[in-house]
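One structure below.
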2 protein chains.
Amino acid sequence: MVQRVSGAEASSRAAKTALFDEFARLGQALANGRRLEILDVLANGERTVERLASETGISVANASQHLQVLREVGLVRRRREGTSICYALHDPQVFDLWRNLRSVAVQRRAEVGQLADAYLGARHTLEPVGRAELLRRLKHGDDVLVLDVRPSEEYAAGHLPRAVSIPLAELRRRLRELPRDKEVVAYCRGPYCAFADKAVRVLHQAGFRVRRLVDGLPEWRAAGLPVVSG
Amino acid sequence: MVQRVSGAEASSRAAKTALFDEFARLGQALANGRRLEILDVLANGERTVERLASETGISVANASQHLQVLREVGLVRRRREGTSICYALHDPQVFDLWRNLRSVAVQRRAEVGQLADAYLGARHTLEPVGRAELLRRLKHGDDVLVLDVRPSEEYAAGHLPRAVSIPLAELRRRLRELPRDKEVVAYCRGPYCAFADKAVRVLHQAGFRVRRLVDGLPEWRAAGLPVVSG
DNA sequence: CAAATCCTCAATTGAGCACTTAAATAGTAC
DNA sequence: GTACTATTTAAGTGCTCAATTGAGGATTTG
């Protein structure tokens, strides 16, 4: 059956199509795993193209192209920093969108849970520490050491109150800096970052009492909890 | 330069790639304007494939294909209703995701605002009524008539307290049902639905005091405000 | 000004998507 | 059980996208 529509209706439909296609461009920008990895890293602070490329395992040219896509739809912005160009999330709402996407994916698609386990290792052997619990223990007691295992630039860009920075790569040779009479709570970039899980495994093996924070710094910040920089 | 990675790192990277590709599948589902139109309509209540197709101007076969995509990633679910099949958003979080996407698109992309104006007509001539204001006036006074101009099925599926239903198509011939001593506040499916704007134009021309609600029923419900059904 | 360093662009390749038409399926209603 | 109808699937076409490679810009630093 052929649709008969008036001229006005047809032009209105064309306008609606154009509008929703424009919304869809944002979806397109979110429709690539590499771009989502980039967003996830950028949620922890700005990066040069080269660093982003090396951290994500993407080639520089390809990373640059993905960043153009993200920039065109307004998800990231850039600024020059000496000889390099730093990209950053355009604003906190972008992180909310990524988190929302993640959350729906986890709730609605069993495959995601399986792949997360495959990537992070079965991490549900030890219950993670919730944000509220950690905040309470930080305020009212001194029985916990908060450990930031991200690269030190990210720590500098913002970290949990009283957190100690030991990047994952240095953890094994700096074990003596950690107390054995407190519980260690490790955190990293978020629930889909492997750093904290790896740190927990290392510390557990070395005999420490240790758990991971339920997610990472970006989520802590997004929850409106205090973040210290510098 | 060729990347050298250890076997363990390589497999971990593969797992991470797979995980983020899985997230990206959700993005892919959101990467098409027609599918976003479908989600926007479904936020107002379930629909058969045929109705969805006719309301969006998509062919039935094509609508069915889009619905398969949405269903595979868990954004919609379906159930049989007599001889037809009804599709609905899988849960309220899906609407949150769509709203979040919309919101970032509007804030970050000037093109979206222009296209919205092109579709809806310059609607900023009259300030829309906020949800809080409407709620207050509904509770404490009797100076406002709330008008639902969506199709009557959607009104039946859920509407604002004390709202009167006059579908847009019937509005011109039912003008006498509306009071002239109150302000009329019209609402529809959301900020990117043209119904309320068209109703405002019709009523304004007929001499009514009328404004539109800032957005639609789904946003009202998502804000946790009271919704009446039946 | 020139060299060095980063980043972006352009061209290419192969893969995947949207939409149409036409045929098949799966329920319901009688 | 049969006919009917709404929905789904299949096949085909034109288009868009991701990634690679190599060349070309832009900006700082010497």
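The sequence lines fix the lettering, A, B, ..., with proteins before strands; numbering per chain opens at 1.
The aromatic rings of B:Phe20 and B:Phe23 sit perpendicular to each other, their planes meeting at more than 60°, with 30° as the lower class boundary.
Taking the side chain of A:Ala61 as heavy atoms from C-beta on, and the options D:dT7, D:dA19, D:dG22, the nearest nucleotide is D:dG22. When the nucleotides C:dT8, D:dT28, C:dT20 are ranked by their closest atom to the side chain of A:Arg80, D:dT28 comes out on top. Across D:dT8, C:dC6, D:dA18, the shortest atom-to-atom separation from the side chain of B:Gln68 is found for D:dT8. The listed nucleotides are D:dA6, D:dT8, C:dC19; the one nearest the side chain of B:Ser84 is D:dA6. Residue B:Asn32 places its side chain closer to C:dC19 than to any other of D:dA19, C:dC19, C:dT8. For A:Glu50, the side-chain atoms get nearest to C:dC6 when compared with the rest of D:dA18, C:dC6, C:dT8. Comparing D:dT8, C:dT8, C:dC19 by their closest approach to the side chain of A:Tyr87 singles out C:dT8.
Atom-to-atom, CZ of B:Phe20 to P of D:dA18 comes out at 17 Å; the value is rounded to the nearest Å. Atom CZ in A:Arg78 sits roughly 17 Å away from atom P in C:dC6 (whole-Å rounding). One interatomic measurement links the two molecules: CD of A:Glu37 to P of D:dA18, which rounds to 14 Å at whole-angstrom precision. Between A:Leu36 atom CG and D:dA18 atom C1' the separation is 14 Å, expressed in whole Å. Look at CD on A:Glu81: it is 16 Å from C1' on D:dA26, rounded to the nearest Å. Going from atom CG of B:Asn62 over to atom C1' of C:dC17 covers 11 Å, rounded to whole Å. At whole-Å resolution of the value, CD in A:Gln65 and C1' in D:dC17 are 11 Å apart. Computed from coordinates, the B:Arg51 CZ to D:dT5 P distance equals 21 Å when rounded to whole Å.
A:Arg71 comes within 4.0 angstrom of nothing in the nucleic acid, heavy atoms only.
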*Can you list the steps and then say if A:Tyr192 with A:Asp40 is a side chain to side chain donor-acceptor pair (under 3.5 Å)?*
CA-CA 9 Å; A:Tyr192 302 103; A:Asp40 200 45; over 6 Å; no
*Would you sort out whether B:Glu46 and B:Arg79 count as a side-chain contact (heavy atoms from CB on, under 4.5 Å), showing the intermediate values?*
CA-CA 10 Å; B:Glu46 58 179 18; B:Arg79 76 184 174 82; 2.3 Å; yes
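A side-chain hydrogen bond (donor to acceptor under 3.5 Å, both in side chains) with B:Tyr87 holds for exactly one of B:Arg78, B:Arg51, B:Arg47; it is B:Arg78.
Remark: the B:Ser84 side chain and the B:Glu50 side chain contain no N/O donor-acceptor pair separated by less than 3.5 Å.
Phosphate proximity of C:dC17 to B:His66: absent, as no side-chain N or O sits under 4.0 Å from OP1 or OP2. Considering only side-chain N and O atoms, A:Ser64 lies under 4.0 angstrom from the phosphate OP1 or OP2 of C:dT8. At least one side-chain nitrogen or oxygen of A:Ser59 sits closer than 4.0 Å to the OP1 or OP2 atom of D:dT20.
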